[in-house]
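To keep things clear, I will list the structure first and then write my remarks on it.
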Amino acid sequence: MLTSRRPDTTRLYDFKSYWRQHSGNYTTLPQHFKSKGYYTMSVGKVFHPGIASNYTDDYPYSWSIPAYHPASFRFEKKKMCKGEDGQLHANLLCAVNVTEQPGGTLPDLESTDEAVRLLKSRASDGAPFFLAVGFHKPHIPFRIPQEYLSLYPLAEMTLALDPDVPKLLPPVAYNPWTDVREREDVQKLNVSFPYGPIPKDFQLRIRQHYYAAVSYMDAQVGRLLSALDALGLTDSTMVVFASDHGWSLGEHGEWAKYSNFDVATRVPLIMFVPGVTAAHSQPGDSTFPFIDVLSQPAYSFTNARIIQNMVELVDVFPTVSYMAGLPAPEHCPDVSLQVELCTEGRNLAHTFQHKERWINAELIAFSQYPRPADSPQNNSDLPDLKDIKVMGYSLRNGDYRYTLWLGFNPRSFQVNVSDVHGGELYMLADDPCQDNNIYSDLDHSMVKKMAGLPHDASLWTRMKLQLYYYTARLKTNTWKV
């Protein structure tokens with residue numbers, strides 16, 4: 001999202017490389033705004049910390065001032081969760097009394113306070129600004145204010161609709177949720193590796209805590225947006241709400257984020273553009289009234305402006321630039337390692353002006369995830385670059401999800417399109433949860449002939465042609481599946 005480049009361009013498959021040194025000196029979204037006179041600020045988790053952002057969150061390239069990180073985050077991985085034994089543990093489920101936490105606060109509470117402070121400082125300045133706020137939750141552990149659990153009574157929680165591992169799921173596609181297993185409360189369950197199911201009562205508690213964590217995070221977003229109103233900034237500020245990935249909550253017998261299924265790859269993407277997505281506010285009106293869900297839990301609203309066609313996070317950079325009146329990056333050439341500013345996404349500005357009339361099957365979202373082996377093992381979820389042997393490439397359009405797990409060389413960054421370790425194809429009209437893999441039922445003879453495509457044909461081009469071929473055959477009932 002921040003570079004508008006895909007992983008095979010950034011070559012970032014783990015957290016142990018800085019893209020400017022590892023692949024190319026790519027201009028980032030905040031850097032682009034900074035170069036056009038914007039005052040750019042970062043709060044919380046925006047760039048991944050550490051080596052991945054040069055230990056500086058890419059300052060000073062991307063930011064006008066050093067990035068802010070909440071002081072209380074240093075306790076996040078420590079034993080902070082009070083167990084039934086009265087002792088502190090490093091648990092997955094960690095609803096807490098905030099007043100008993102160090103400093104009487106939590107990371108996202110601190111980040112919101114700092115973001116509001118920065119907004120106040122810019123409101124009086126008048127210069128254009130770019131503020132990125134990265135909330136940590138609902139990332140594990142679920143160390144959240146305990147009162148948010150009351151929004152989701154355990155008796156009303158339900159299990160995932162498809163809690164079993166699909167019978168025809170290639171072993172290479174399964175993520176064994178190792179980071180969840182490492183938590184003390186999960187270890188006590190003695191769940192077998194890699195497929196052993198978590199007991200149902202604990203599954204319900206995980207889902208309850210995840211939902212509560214989302215509501216806690218949402219309340220912080222509400223505090224931030226209501227500050228825009230209070231400061232008179234709403235009519236001159238574009239707002240983009242997004243996430244970096246999804247999280248499996250028992251679907252397919254999986255937990256966490258390390259797969260190519262919709263539950264792990266699909267994210268919210270909501271944009272507010274004053275005067276475009278909503279009329280300018282009237283004097284005395286509030287565009288973003290703060291709703292305290294703890295005192296008004298029954299409050300709800302309907303958003304009738306939902307885009308059904310595929311969009312991607314790489315689209316954010318060119319779209320936001322254009323909507324702000326800045327030059328939108330040109331589309332990248334097929335090989336763009338030496339190109340500092342370009343996009344592998346699409347400018348979605350036209351979607352604000354034209355009502356969506358149909359689902360365009362030509363629009364595709366791409367995802368990929370690495371694996372160290374054909375079968376689940378301890379490092380399957382987060383393999384180091386040197387250990388990657390297989391890359392799972394996935395295409396999603398309005399009707400299908402198509403995934404190929406292909407041999408990958410981590411030294412040359414080359415994928416072997418003829419070395420297929422597994423395949424998945426799901427027909428979403430009949431199988432919205434992606435449980436019935438029909439890949440093995442298909443005739444792959446024509447696809448094998450596609451190996452003869454020009455050498456410079458991209459992998460995504462090859463896979464799109466394969467998907468079109470398969471789906472055309474399915475629609476003409478050439479195969480029975």
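Both backbone and side-chain heavy atoms feed into the values below; hydrogens, waters and symmetry mates do not.
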_More than 12 heavy atoms of other residues, nucleotides or ligands under 6.0 Å from CD of Glu330: yes or no?_
no
*State which residues pass ring-ring contact (aromatic ring centres under 6.0 Å, His included) with Tyr68; sequence neighbours excluded, sorted by chain then number.*
none
*asked:* Is the ring pair Trp255/Trp177 parallel, tilted or perpendicular, if the boundaries are 30 and 60 degrees?
replied: perpendicular
*Can you tell if the side chain of Gln368 reaches within under 4.5 Å of the side chain of Ser394, non-hydrogen atoms only?*
no
*Listed once per pair and sorted, the disulfide bond (SG atoms under 2.5 Å apart) pairs that draw on residues 220-270, sequence neighbours left out*: none
*Between Lys167 and Asp435, is there a salt bridge with N-O shorter than 4.0 Å?*
no
_Contacts of Phe129 that satisfy ring-ring contact (aromatic ring centres under 6.0 Å, His included) - sequence neighbours left out_ = none
*State, with a plain yes or no, whether a side-chain heavy atom of Tyr211 is found less than 4.5 Å away from one of Leu249.*
yes
_Centre-to-centre under 6.0 Å for Tyr174 and Tyr195, is that the case here?_
yes
*Hey, are the side chains of Asp384 and Asn379 touching, using non-hydrogen atoms and a 4.5 Å cut-off?*
no
*Mind running side chain to side chain donor-acceptor pair (under 3.5 Å) on Asp58 and Tyr18 for me, showing each step along the way?*
CA-CA 9 Å; Asp58 201 43; Tyr18 178 43; 2.6 Å; yes
_OG on Ser23 to CG on Leu12, rounded to 0.5 Å_ = 5.5 Å
Side chains of residues 132-144: which donor-acceptor pairs under 3.5 Å do they make with residues two or more places apart or in other chains?
unit_1 : atom_1 : unit_2 : atom_2 : d
Lys137 : NZ     : Glu76  : OE2    : 2.3
Lys137 : NZ     : His139 : O      : 3.1
Lys137 : NZ     : Pro141 : O      : 2.6
Arg143 : NE     : Glu76  : OE1    : 3.1
Arg143 : NH1    : Gln101 : OE1    : 2.6
Arg143 : NH2    : Ser72  : O      : 3.4
Arg143 : NH2    : Glu76  : OE1    : 2.9

*Minimum heavy-atom separation for Ser243 to Leu313, with atom names?*
O-CD1, 3.3 Å
*Set of residues satisfying side chain to side chain contact (heavy atoms under 4.5 Å, CB included) with respect to His421, sequence neighbours excluded*: Asp374, Val390, Trp405, Asp419
_Non-hydrogen atoms of Ser321 and Leu29 that approach each other most closely_ = OG-CD1, 4.3 Å
*Are side-chain heavy atoms of Tyr369 and Phe261 found at a separation under 4.5 Å?*
no
*Has Arg462 got its NZ or CZ under 6.0 Å from the middle of the six-membered ring of Trp460, at an angle within 45 degrees of the ring axis?*
no
*Do Ser281 and Asp235 have side-chain N/O donor and acceptor atoms under 3.5 Å apart?*
yes
*Under 4.5 Å between any side-chain heavy atoms of Glu251 and Cys433, yes or no?*
no
*Within the distance-only criterion (no hydrogens, no angle test), does the side chain of His245 pair as donor or acceptor with the backbone N or O of Ala256 below 3.5 angstrom?*
no
*asked:* So does Ala127 get a backbone contact from the side chain of Asp125, meaning a donor-acceptor N/O pair under 3.5 Å?
replied: yes
*For the pair Phe288 and Phe272, name the ring-plane relationship: parallel under 30°, tilted 30 to 60°, perpendicular over 60°.*
perpendicular
*Could you tell me whether a side-chain N or O of Thr319 sits under 3.5 Å from a main-chain N or O of Val316, the two making a donor and an acceptor?*
no
*Do Asn437 side-chain atoms and Gly423 backbone N/O form a donor-acceptor pair below 3.5 Å?*
yes
*Does Thr40 use its side chain to pair, donor to acceptor, with the backbone of Lys34 at less than 3.5 Å?*
no
*Before giving the answer on side chain to side chain contact (heavy atoms under 4.5 Å, CB included), spell out for Leu269 and Val311 the whole-Å C-alpha distance, their side-chain angles and the decisive distance to 0.1 Å.*
CA-CA 9 Å; Leu269 179 55; Val311 297; 4.0 Å; yes
*Which atom names give the shortest non-hydrogen contact between Ser4 and Val314, and what distance separates them?*
OG-O, 2.7 Å
*asked:* Would you say that His444 contacts Leu442 through its side chain, given a criterion of any heavy-atom pair below 4.5 Å between the two side chains?
replied: yes
_To check you understand the geometry: which heavy-atom pair defines the closest contact between Asn309 and Asn360, and what is its length?_
OD1-N, 2.6 Å
*Side-chain ion pair, Glu340 and Arg20, N-O less than 4.0 Å*: no
_For the CD atom of Gln434 and the CG atom of Asp262, what is their distance to the nearest 0.5 Å?_
4.0 Å
*On the 0 to 90° scale, with breaks at 30° and 60°, tag the Phe408-Phe413 ring pair as parallel, tilted or perpendicular.*
perpendicular
*At their closest point, which heavy atom of Gln353 faces which heavy atom of Val276, and how far apart are they?*
NE2-CG1, 4.0 Å
*Answer whether the closest heavy-atom distance between the side chains of Pro318 and Arg346 falls below 4.5 Å.*
no
*Kindly confirm or rule out a cation-pi arrangement of Arg396 over Tyr402, judged by NZ or CZ under 6.0 Å from the six-membered ring centre and within 45° of its axis?*
no
*asked:* If you define the side chain from C-beta out and look only at heavy atoms, does anything of Trp63 sit under 4.5 Å from Val46?
replied: yes
*Using the disulfide bond (SG atoms under 2.5 Å apart) rule, collect all pairs that involve residues 314-390, keeping only residues at least two apart or in two chains.*
Cys332-Cys342
*Could you verify whether a donor N or O on one side chain and an acceptor N or O on the other, from Thr28 and Ser62, lie under 3.5 Å apart?*
yes
*Taking atom CZ of Arg181 and atom CG of Asp381, what is their separation to the nearest 0.5 Å?*
9.0 Å
